[in-house]
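Since the structure is predicted, the reported quantities are computational estimates derived from the model, not experimental observations.
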Amino acid sequence: AATQPAGAAPPTTSAPATAPRTGGARPQAAKKKPEKMVDSSKLPKPGPNPTFTLPPVERRTLSNGMEVLIVQHKELPVVNLNLVVKMGAAGDPATQGGLASLTADILDEGTKTRTALDISDQLAFIGSSLNVEADWDSSTASMATLKRHLDRALDIYADVLTNPAFSEKELARLRDTRLTNFKQRRDDPAQIANIVYASQLYGRAHPYGHPLTGDEEALRSIKGADVRKFYETFYRPNNASLVVVGDVTADEIVPKLERAFSKWEKGHVPAVDVTAAPVARDKTTLYVVDRPGSAQSVILAGHVGVPRSSADYFPLLVMNTLLGGQFTSRINMNLREDKGYTYGARSSFDWRRGAGPFTASAPVQTAVTKESLIEMMKELRGVRGEIPVTAEELEFAKQAIIRGFPRGFETPNQIGNRLEQVVTYGLPDDYFNTFIERVQAVTLEDVNRVAQQHLHPSRMAVVVVGDRKVIEQSLRSLDELGDTVTFLDAEGKPVAAGDTSGGMR
């Protein structure tokens, strides 16, 4: 913008040029019609439900038995590769929880020809990224790269996956880092609650009963030979699928994959049973972990739910959305908006190959721990019929799911992540194309049925992590929980009689 010289008069704004006046009265401006007022209190009506069709999935199988799913996505010159190994923390030995997670962590920490620093530098040089992690039912190695660097990126990617060095030095470093994280975990009431909750729902012997990353005792027992054995047992091409999404065709990528993974040999993969019976429970039981001086209590209440393969997946998805799966859900509107007990309360089904947990949760002010638990249980009973679900409530929950669904498929990375579910849970390739229609088809009768069938407020495990001295007496007075309160330490183990530390020293 131009500036005025010092001392110059300020600029003036001239009126638009008009024909010179020839005298006489000033012409009257044309009168404008008054604008129609808009009623801003009325929300605009929503448009029709969005339509969604995933680009076609093309399947190929490599000579070593590895399945490949290819989706062409040409909007950007990038390629995403997601290798899904069909085993995760559920495959951990009973005394070595965290082995799958540690195996995933060490894979990109060096190969037989590259150090961890080499891998990092070479990926950075071509602008590619690599991440390996383990979940309960699968372990995933994800890579993103520009198409023009695909060959170089694929060379590093295959090297990491098929030639890990399992360096004792790197293993010791990862173990030390994780032990430090465990000490920090003991200061996080939410993490403590999750660990204790899983141990009480499943029992430590169940594949889902230990922390995903393990604990101190298990971690100290894991040696390099254990990590290598887990890798050699489950990281096999015939136990894996590779999802490729990006600016490539099947004919382009498959020959490259054949070359990259040609030396990765198939092998026998033992089955892991995730259908073992969880802890039997004939009444609701309260477990308390003492955290002296805590300003909040963390509450988790629930029970074992259903597997991802359940025929009731869609009714349960809708039911949980209105119960505790969104901001305007019943649990959150009660505990946060109405009572002001918490910043946020929610419920969820953790979908797994076996039956994962159903959980209602909230961090609440210590002084209202009892009242918060009463309100939470009231909502769990209410959705089963004591507070009937309305047609309007049902439609609002379905619209929340439907209208947010397409944005989960905008990028190659997002599409690849969604297709991991297809691989892990054996879903059909066109599963997501009918997702919206199946949500819309859920009826009020469906929601009422699954709430009655799959929610059991009278047989729940309730875990509270908080200040025992403040909350114990009020919790003991809860009629529906009886007079029994079990005190546990931060790992879910019983606290000795008279010990009020809760293992939090």
**OP:** Locate the shortest heavy-atom distance separating Arg346 from Ile331; write the atom from each residue and the value.
**Re:** N-CG2, 4.2 Å
**OP:** Flag the pair Phe435 / Phe52 as yes when their ring centroid distance falls below 6.0 Å, and as no otherwise.
**Re:** no
Original post:
For the side chain of Ser361 and the backbone of Val298, is there at least one donor-acceptor N/O pair under 3.5 Å apart?
Top reply: no
Original post:
Parallel, tilted or perpendicular: which fits the ring planes of Trp136 and Tyr208, with parallel below 30° and perpendicular above 60°?
Top reply: perpendicular
**OP:** Can you establish whether the number of heavy atoms outside Glu437 located under 6.0 Å from its atom CD is more than 12?
**Re:** yes
Subject >> Arg308 and Thr424 side chains, donor-acceptor separation under 3.5 Å >> reply: no
Subject >> Donor-acceptor side-chain pairing of Ser347 and Asn320 below 3.5 angstrom >> reply: yes
Original post:
Between the side chain of Asp135 and the main-chain N/O of Asp137, is any donor-acceptor distance below 3.5 Å?
Top reply: no
Original post:
For Lys169, what residues pass the side-chain contact (heavy atoms from CB on, under 4.5 Å) criterion, not counting sequence neighbours?
Top reply: Ser167
Subject >> salt bridge (charged side-chain N to carboxylate O under 4.0 Å, His left out) pairs, two or more places apart, involving residues 405-414 >> reply: none
Original post:
Is there a side-chain contact between Met66 and Leu83 (heavy atoms, below 4.5 Å)?
Top reply: yes
Subject >> Minimum heavy-atom distance between Ala90 and Val274, given as atom pair plus value >> reply: CB-CG1, 3.8 Å
Original post:
Going from CZ on Phe166 to OG1 on Thr103, what distance comes out if it is rounded to the nearest 0.5 angstrom?
Top reply: 6.5 Å
Original post:
Which heavy-atom pair separates Ala144 from Asn80 by the least distance, and what is that distance?
Top reply: CB-ND2, 3.8 Å
Original post:
For Trp351, what residues pass the ring pair (Phe, Tyr, Trp, His ring centres under 6.0 Å) criterion, not counting sequence neighbours?
Top reply: Tyr313, Phe349
**OP:** Take His73 and Phe409 through the side-chain contact (heavy atoms from CB on, under 4.5 Å) test and state the conclusion after the steps.
**Re:** CA-CA 11 Å; His73 189 282; Phe409 297 83; over 6 Å; no
Original post:
Any sub-3.5 Å donor-acceptor pair from Lys398's side-chain atoms to Val442's backbone N or O?
Top reply: yes
Original post:
When rounded to the nearest 0.5 angstrom, what is the spacing between CZ in Arg175 and CD1 in Ile106?
Top reply: 9.0 Å
Subject >> Separation between CD of Gln296 and CZ of Arg291, rounded to the nearest 0.5 Å >> reply: 9.5 Å
